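Throughout, residue positions are numbered sequentially from 1 according to the sequence presented. Being a predicted model, the structure only gives us computed values, none of them experimental. Side-chain atoms are counted along with the backbone in the values below, which use heavy atoms only and exclude waters and symmetry mates.
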Amino acid sequence: MNTFYITTPIYYPNGPPHIGHAYTTVYADVLARFARLIEKDVFFLTGNDEHGLKIQRFAEKLGKTPKEVVDEMAVIYRDYWLRLNISYDYFIRTTDSVHEKVVMSGFEKLYRKGYVYRDKYGGLYCVDCEKYYLPGEYVEVEGKPYCPIHNKPLEYLEEETYYFKLSEFKDYLLEVLRNNKIVYPEEYSLEVVSRIEKEGLRDLSIARPVERVSWGVKVPFDPNYVIYVWFDALLNYITGAGYATDFERFEKYWANVHHVVGKDILWFHTAIWFSILKALDIPPPKKVIVHAFLINKGLKIGKSAGNVISINDLLARYNGPDGVRYILSRVFNMSKDSEVSFELMDAIYNDELADTYGNLIRRVGALAIKKLRGKIYRREVDKKLSEQIMVKIGNYLERMKNYEVPGAIIEIMDLLREGNAYVNNTRPWEKEDPSKELYGLLELIRVSTIALAPFIPSVASKVSDEFGFKIESPEKLRLGMLERYSIRNAPILFKKVLPQGNA
């Protein structure tokens, strides 16, 4: 299958994006860039979730209308993604008219099919999550129910609502989650299965009275209600692929859709989303890729925890987008929460980008210019070095195709360390004609740079231009393909950062 459709969650724009948003978005972008690199037809979707009570209250605090706020924030988000070199194909907003039509038609279809009904509901509600919490789902702080995600008191709400018959999909969900390997890593699939088996499935409230939540998509047959923000938000994935506008395009991309989500929204993207899709006669996604949290000062990074690291600070400290992208990819973890600090990020940046990759580029480029005026013609690559290159690029490809981004980076960093060791061992600066050694090293650099292109696209492009090779599919790499390297410059790619106290 030559298509690859990848999505991020769409983000609540009640503040500018921070390192947590960048963590997910950069990972998705790396996978999108890799898929393009191996010549797949890629569609990459990201965007903003612009409806709901949280946005409504945020706008009220600012003395603005919700539309004014979300319009302003859409500009800010796009600007940050541009600064991080995010190569999305479509920035979707849930206020887009085409999306609102999809939401209304989807809601109405479920109502006609008998999956939606009206009834009364009362329960504990988190405004930030925009969801009700059942007993066992929330935590208690001094005897009071608190949201486990935002560490805020839950509000008791009772109201008439429309329900989605989630309970009817228990057998379907268990079969899909057990047998289709959709959720990755599999441990998260087992977590959802265990919860369904233990708790069962309760019907889901999917509407809010307009007098409480005015900012949202109206229920098409009852203007006294707006559609639940999570129902609205989840449908962005089908809107973006062309569900309402180009069904042929939708079928092409939906067949290979990959959702990237944090573990805190796993339930919504499995139990609820798969059930809605089934009710709409749409197959489940090809893959839901789940990651753990970024942790700072012992807590999940977020505005409510007060431990946000700004994207501006990261871009300034690590000399632009490539350093930030590399660091976030390097610490990415699916199964375990990753504690991040500037001390850790500095070490990754200095040791791997500056001292390993950047140092090899500088050394080899300077030697080529000094010893051979930058013209290095094809020579046979040392057998041991050649074997190392081909083994590492094979491992890299396998890891990238299995979404193991940090592991793929490690393979290439190991190869670059071998390159630095090869320079030290062969001592090309002592040879009158070090063409053989330099050609082998340039082949190693070419392969490594191509492999790193999804992570550090600007730097990879610069190296390929300065050293005279093309960024092409790593699946087609063969050593000895280039007749000649023409080295124009030996750039310093990454300036080392000093400890914060000395910065």
Side-chain angles (χ1 to χ4, degrees), residues 34 37-39 352-401 407-457 459-493:
F34 172 73
L37 196 59
I38 60 173
E39 301 176 351
E352 299 183 13
L353 289 180
D355 288 345
T356 302
Y357 180 59
N359 183 52
L360 185 63
I361 297 295
R362 179 72 173 165
R363 295 174 81 188
V364 172
L367 280 168
I369 292 169
K370 180 179 180 180
K371 302 291 287 190
L372 298 166
R373 297 183 179 179
K375 307 297 182 188
I376 294 86
Y377 290 86
R378 181 162 51 205
R379 296 289 188 272
E380 183 179 354
V381 179
D382 176 87
K383 184 179 179 182
K384 183 180 178 182
L385 186 65
S386 174
E387 289 173 353
Q388 289 172 330
I389 293 171
M390 297 316 296
V391 166
K392 289 299 182 183
I393 197 64
N395 293 344
Y396 162 88
L397 285 167
E398 182 179 0
R399 288 184 177 273
M400 288 298 287
K401 290 176 182 179
I409 289 177
I410 289 169
E411 297 289 346
I412 301 306
M413 278 298 133
D414 286 347
L415 180 58
L416 289 164
R417 291 186 185 97
E418 291 291 342
N420 278 299
Y422 185 79
V423 175
N424 295 337
N425 293 335
T426 59
R427 305 173 73 84
W429 60 86
E430 294 182 350
K431 294 180 169 58
E432 186 175 337
D433 181 6
S435 296
K436 176 179 171 61
E437 292 77 13
L438 291 180
Y439 187 84
L441 285 163
L442 286 165
E443 286 289 83
L444 183 148
I445 286 172
R446 178 171 70 93
V447 169
S448 300
T449 300
I450 289 170
L452 290 174
F455 306 94
I456 51 172
V459 165
S461 178
K462 181 176 183 177
V463 172
S464 68
D465 288 344
E466 299 285 17
F467 280 27
F469 62 87
K470 293 180 180 179
I471 302 293
E472 56 190 337
S473 172
E475 292 184 319
K476 297 181 177 180
L477 286 174
R478 301 290 182 274
L479 298 185
M481 292 171 64
L482 266 66
E483 174 67 28
R484 185 186 73 182
Y485 282 94
S486 297
I487 313 300
R488 299 188 306 191
N489 188 21
I492 298 173
L493 299 175

### Message
Walk me through whether Phe34 and Tyr396 qualify under side chain to side chain contact (heavy atoms under 4.5 Å, CB included).
### Response
CA-CA 11 Å; Phe34 172 73; Tyr396 162 88; 3.7 Å; yes
### Message
side chain to side chain contact (heavy atoms under 4.5 Å, CB included), that's the test. Do Arg478 and Val447 meet it? Break it down for me.
### Response
CA-CA 9 Å; Arg478 301 290 182 274; Val447 169; over 6 Å; no
### Query
Asp465 and Arg488: side chain to side chain contact (heavy atoms under 4.5 Å, CB included), yes or no, with the steps?
CA-CA 8 Å; Asp465 288 344; Arg488 299 188 306 191; 3.8 Å; yes
### Task
Using the side chain to side chain contact (heavy atoms under 4.5 Å, CB included) rule, take Leu416 and Leu452 through it: C-alpha gap first, then chi angles, then the decisive distance, then the call.
CA-CA 11 Å; Leu416 289 164; Leu452 290 174; 4.1 Å; yes
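Between Arg417 and Asp414, at least one side-chain N (NZ, or NE/NH1/NH2) sits under 4.0 Å from a carboxylate O, which counts as a salt bridge. Between Glu432 and Lys371 there is no salt bridge, since no side-chain N of the basic residue sits under 4.0 Å from a carboxylate O of the acidic one. Arg446 has a carboxylate O that lies under 4.0 Å from a charged side-chain N of Glu472, or vice versa, which qualifies the two as a salt bridge. Between Glu380 and Lys436 there is no salt bridge, since none of the side-chain N atoms of the basic residue sits less than 4.0 Å from a carboxylate O of the acidic one.
Using a distance-only test at 3.5 Å, with no hydrogens or angles considered, no donor-acceptor pair links the side chain of Ser386 to the main chain of Asp382. For the pair Ser464 (side chain) and Ser461 (backbone), a donor-acceptor distance under 3.5 Å is present. Formation of a donor-acceptor pair under 3.5 Å by the Glu443 side chain with backbone atoms of Gly480 is found in this model.
The two residues Glu39 and Ser473 come nearest to each other via the heavy atoms OE2-CB, 4.1 Å. For Ile412 against Ala451, the heavy-atom pair with the smallest separation is CD1-CB, 3.6 Å. Taking every heavy atom of both residues into account, Ala368 and Leu438 meet most closely at CA-CD1, 3.8 Å. The two residues Met400 and Ala408 make their nearest non-hydrogen contact at SD-CB, 3.4 Å. For the pair Gly358 and Leu493, the tightest heavy-atom approach, listed with the atom from each and the gap, is CA-CD1, 4.4 Å. Residues Ala366 and Ala490 approach most closely at N-CB, 3.3 Å, considering heavy atoms.
Using a 4.5 Å heavy-atom threshold, the side chains of Leu360 and Leu444 count as touching. Phe467 has its side chain within reach of Ile361: a pair of non-hydrogen atoms, C-beta onward, lies under 4.5 Å apart. Counting only heavy atoms from C-beta outward, the side chains of Met413 and Ile409 approach each other to under 4.5 Å. Taking 4.5 Å as the limit, some side-chain heavy atom of Tyr357 sits within range of a side-chain heavy atom of Thr449. At a threshold of 4.5 Å between non-hydrogen side-chain atoms, the residues Gln388 and Val391 do not count as touching. Annotation: side chain of Tyr377 is not in contact with side chain of Leu372 (no heavy-atom distance under 4.5 Å). Between Lys401 and Glu475 there is a side-chain heavy-atom pair separated by less than 4.5 Å. Using a 4.5 Å heavy-atom threshold, the side chains of Leu367 and Pro434 count as separate.
Met390 contributes atom CE, which lies 11.0 Å from atom CG of Asn395 (distance to the nearest 0.5 angstrom). Atoms CG and CD, on Leu479 and Glu387 in that order, are 11.0 Å from each other to the nearest 0.5 Å. Rounded to the nearest 0.5 Å, atoms CG (Leu477) and CD1 (Ile389) are 10.0 Å apart. In this structure, NZ on Lys375 lies 10.0 Å from CD1 on Ile369, to the nearest 0.5 angstrom. Here CG of Asp355 is found 9.0 Å from CG of Asn420. Values are rounded to the nearest 0.5 Å. To the nearest 0.5 Å, atom CD1 of residue Ile445 and atom CG of residue Leu415 are 10.0 Å apart.
No more than 12 heavy atoms of other residues, nucleotides or ligands sit less than 6.0 Å from atom NZ of Lys370. Within a 6.0 Å radius of NZ in Lys431, other residues, nucleotides and ligands contribute more than 12 heavy atoms.
A side-chain donor-acceptor contact under 3.5 Å links Arg484 and Ser486.
Ring centers of Tyr485 and Tyr439: under 6.0 Å apart, within the cut-off.
Partners of Glu430 by side chain to side chain donor-acceptor pair (under 3.5 Å), not counting sequence neighbours, listed by chain and number: Arg427.
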